[in-house]
*Asks:* 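Pasting in a structure now, in structure tokens, and then I'll have a few things to ask.
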Amino acid sequence: MIDKEIFDYDFPTYLKTIADFTASELIPAEDEMVAAGAVPDRIVTRMAELGLFAISIPRSYGGLEWSMAQQVALTLEFTRASCVYRSRFSTVIGLCSQAILDHGTDEQKQRLLPEMAAGELVTAFALTEEGAGSDAGHLTTTARREGDTYIVNGSKRYITNAGWADAFVVFARTDQSIPGADGVSALIVDASSPGVRTALPAIMNGHAEAPVGEIYLENVVVPASNLLGDIEGEGLRMALRGINHARLHVAATCVGQATRMLEEVTAHLNARKQFGAPLSELGAVQATLGASFAEMEAGRALVMESARAFDEGDIPRHRIAAAKLYCSEMASRVADRCVQLMGGEGIVGPHPIPRMWRDVRALRIYEGSSPIHERNLAKAMIKQVGVDGTLPNSYRV
Ligand SMILES: Cc1cc2nc3c(=O)[nH]c(=O)nc-3n(C[C@H](O)[C@H](O)[C@H](O)COP(=O)(O)OP(=O)(O)OC[C@H]3O[C@@H](n4cnc5c(N)ncnc54)[C@H](O)[C@@H]3O)c2cc1C
């Protein structure tokens with residue numbers, strides 16, 4: 001439940017509240033979280049009370065309704081802490097709520113969004129399958145209509161919040177005669193339905209406190225009223241706004257992570273003396289720091305500009321893809337340089353840098369892997385230049 005007074009905050013007050021929460025609660029709880037292997041329950045409760053599950057949901061559905069530029073500014077703050085915290089509410093504020101908002105029926109919006117905003121209904125976005133990752137349109141989970149229900153069969157993997165979700169937005173093929181994306185629909189599946197089983201991985205290469213789960217669906221009976229938007233065959237198109245929303249948040253997350261890593265490493269370099277002087281006085285070290293700062297700021301500018309354009313109406317999907325691609329690669333580059341600058345402490349011991357180096361690696365894979373963004377951007381450029389000689393989302397007027 002969101003604290004009542006939060007609804008009266010103007011944006012600068014809310015931003016400061018989240019910045020204070022990050023500094024006084026999220027960052028200090030990182031080691032506890034790593035030891036426990038999950039975000040502590042009291043932190044999740046506090047996130048809900050502060051409205052972090054509600055930042056993108058309209059006030060009419062119990063949310064805080066910040067603009068995309070404001071959501072990005074918030075993300076830059078709370079992802080100075082471990083990016084794993086964000087994952088705990090990201091599937092609610094991004095992928096799931098945006099699809100429901102854009103395409104859900106009135107009944108679905110009224111039923112689901114207020115509880116999602118309050119942090120009382122955690123949702124997960126269940127698209128990826130063993131045989132359908134980058135090529136998501138060829139998924140094989142099925143939803144067969146039987147009277148007023150669908151019978152869902154299949155399995156999903158790598159699903160963020162699978163272990164905590166109360167409901168899944170499951171993408172399933174409702175028309176077996178159409179092999180690609182056009183045969184896919186989105187259904188809201190109650191996680192406690194008979195026939196639903198989840199499993200968490202034993203090992204993750206970083207990002208481990210936000211474990212991705214497998215979901216098995218065996219003859220799961222789903223009311224037809226849970227077909228998103230009450231339309232078959234539009235599932236993947238309905239997901240698009242949420243996917244763009246999430247990609248931009250991930251790009252901002254990468255900038256937040258780079259900010260924290262550069263603060264941490266610079267403090268270390270100021271304190272650590274070799275050859276009679278702080279390491280931060282060495283020219284080679286300064287060159288690495290300066291280049292990293294410039295790249296981080298380039299990422300921030302791209303994120304802010306994409307958010308501004310998003311708020312204007314048309315989703316700048318190519319610019320968002322560029323932001324996601326650039327920022328996730330930038331965060332990994334910065335992380336790797338920070339490990340090098342830390343020396344042995346970048347590998348051995350409890351400093352946050354080695355943990356963050358592992359965590360940010362995942363950001364180049366989810367929400368569209370880097371090679372997929374490169375490929376899609378190139379395809380869009382080639383097509384658009386072929387039509388009118390301009391680039392997609394070009395600034396030219
Ligand atoms: C931490 C984490 C959280 C996730 N959360 C979710 C979630 O909540 N919900 C969900 O549905 N999914 C989630 N995913 C899944 C994620 O979206 C997929 O991992 C991603 O789409 C890649 O699919 P894949 O892993 O099957 O790799 P593959 O598709 O097997 O690709 C492997 C590699 O080949 C490259 N490749 C594939 N096709 C091409 C091509 N045409 N051109 C060039 N390169 C190509 C890819 O870029 C990739 O690097 C998550 C994944 C991770 C790691």
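Heavy-atom basis, side chains included; hydrogens, waters and symmetry copies ignored.
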*Asks:* In terms of side-chain heavy atoms, does E329 have a donor or acceptor partner in S370 at a distance below 3.5 Å?
*Replies:* yes

*Asks:* So Q384 and L391, do their side chains get closer than 4.5 Å, heavy atoms only?
*Replies:* no

*Asks:* Using only heavy-atom distances, determine whether the side chains of H373 and N376 contain a donor-acceptor pair under 3.5 Å.
*Replies:* no

*Asks:* Should V285 and L341 count as side-chain neighbours, where that means a heavy-atom distance under 4.5 Å?
*Replies:* yes

*Asks:* Working note: F171 + F125, criterion ring-ring contact (aromatic ring centres under 6.0 Å, His included); need CA distance, chi angles, decisive distance, verdict.
*Replies:* CA-CA 8 Å; F171 293 83; F125 185 84; 4.9 Å; yes

*Asks:* Any side-chain heavy atom of H103 within less than 4.5 Å of one from Q108?
*Replies:* no

*Asks:* Roughly how far apart are D182 CG and R237 CZ, rounded to 0.5 Å?
*Replies:* 5.0 Å

*Asks:* Can you tell me if CD on E130 sees more than 12 non-hydrogen neighbours from other groups inside 6.0 Å?
*Replies:* no

*Asks:* Please determine if R260 and E30 form a salt bridge, counting it only when a charged side-chain N lies under 4.0 Å from a carboxylate O.
*Replies:* yes

*Asks:* Near E218 CD, under 6.0 Å, is it more than 12 heavy atoms from other residues, nucleotides or ligands?
*Replies:* no

*Asks:* Salt bridge or not between D3 and R46? Use side-chain N to carboxylate O under 4.0 Å.
*Replies:* yes

*Asks:* Tell me, do R355 and D359 make a side-chain contact under 4.5 Å, heavy atoms counted?
*Replies:* yes

*Asks:* Quick check: do C338 and E264 have side-chain heavy atoms less than 4.5 Å from each other?
*Replies:* no

*Asks:* Using a strict threshold of under 4.0 Å (side-chain N to carboxylate O), is an ion pair present between E214 and R157?
*Replies:* no

*Asks:* Could you tell me if the side chain of V169 sits less than 4.5 Å from the side chain of L187, heavy atoms only?
*Replies:* no

*Asks:* Do L101 and P58 touch side chain to side chain, with heavy atoms closer than 4.5 Å?
*Replies:* yes

*Asks:* If you count the non-hydrogen atoms of other residues, nucleotides and ligands that lie under 6.0 Å from CG in D10, is the total more than 12?
*Replies:* yes

*Asks:* At what distance, to the nearest 0.5 angstrom, does CD of Q71 lie from CZ of F11?
*Replies:* 9.0 Å

*Asks:* Quick one: pull up OG in S97 and CD1 in I100 and give me the separation to the nearest 0.5 Å.
*Replies:* 7.0 Å

*Asks:* Charged N to carboxylate O below 4.0 Å: is that the case for E367 and K324?
*Replies:* no

*Asks:* Do I320 and S306 make a side-chain contact, defined as non-hydrogen atoms from C-beta onward lying under 4.5 Å apart?
*Replies:* yes

*Asks:* Do R364 and S332 pair up side chain to side chain, a donor and an acceptor below 3.5 Å, judged on atom types alone?
*Replies:* yes

*Asks:* Could you tell me the separation between the CG atom of L15 and the CG atom of L76, rounded to the nearest 0.5 Å?
*Replies:* 9.0 Å

*Asks:* Using 0.5 Å steps for rounding, measure from the OG atom of S185 to the CD atom of E234.
*Replies:* 8.5 Å

*Asks:* Could you check whether K16 pairs with E77 (Lys NZ or Arg NE/NH1/NH2 to Asp/Glu carboxylate O, under 4.0 Å)?
*Replies:* no

*Asks:* Please name the pair of heavy atoms, one in T253 and one in T75, separated by the smallest distance, quoted to 0.1 Å.
*Replies:* OG1-CG2, 3.5 Å

*Asks:* Determine, for R88 against E209, whether the closest basic-nitrogen to carboxylate-oxygen distance falls under 4.0 angstrom.
*Replies:* no

*Asks:* Check R144 with E146, please: is the shortest side-chain N to carboxylate O separation under 4.0 Å?
*Replies:* yes

*Asks:* For F21 and Y85, run ring-ring contact (aromatic ring centres under 6.0 Å, His included): C-alpha distance rounded to whole Å, both residues' side-chain angles, the deciding distance at 0.1 Å, then the answer.
*Replies:* CA-CA 12 Å; F21 174 59; Y85 289 118; 7.9 Å; no

*Asks:* Give a yes or no on whether a salt bridge exists between D388 and K383, defined as a side-chain N under 4.0 angstrom from a carboxylate O.
*Replies:* no

*Asks:* Where does the angle between the aromatic ring planes of Y14 and Y9 fall among parallel (under 30°), tilted (30 to 60°) and perpendicular (over 60°)?
*Replies:* tilted

*Asks:* Kindly give the heavy-atom pair with the smallest separation between L200 and P211, and that separation in Å.
*Replies:* CD1-CG, 4.2 Å

*Asks:* For D148, is the CG atom crowded, meaning more than 12 foreign heavy atoms sit under 6.0 Å from it?
*Replies:* no

*Asks:* Would you say N244 and R319 are linked by a side-chain donor-acceptor pair, where the criterion is simply a distance under 3.5 Å?
*Replies:* no

*Asks:* Would you give the length of the straight line joining atom CE of M1 to atom CD of E120, rounded to the nearest 0.5 angstrom?
*Replies:* 5.0 Å

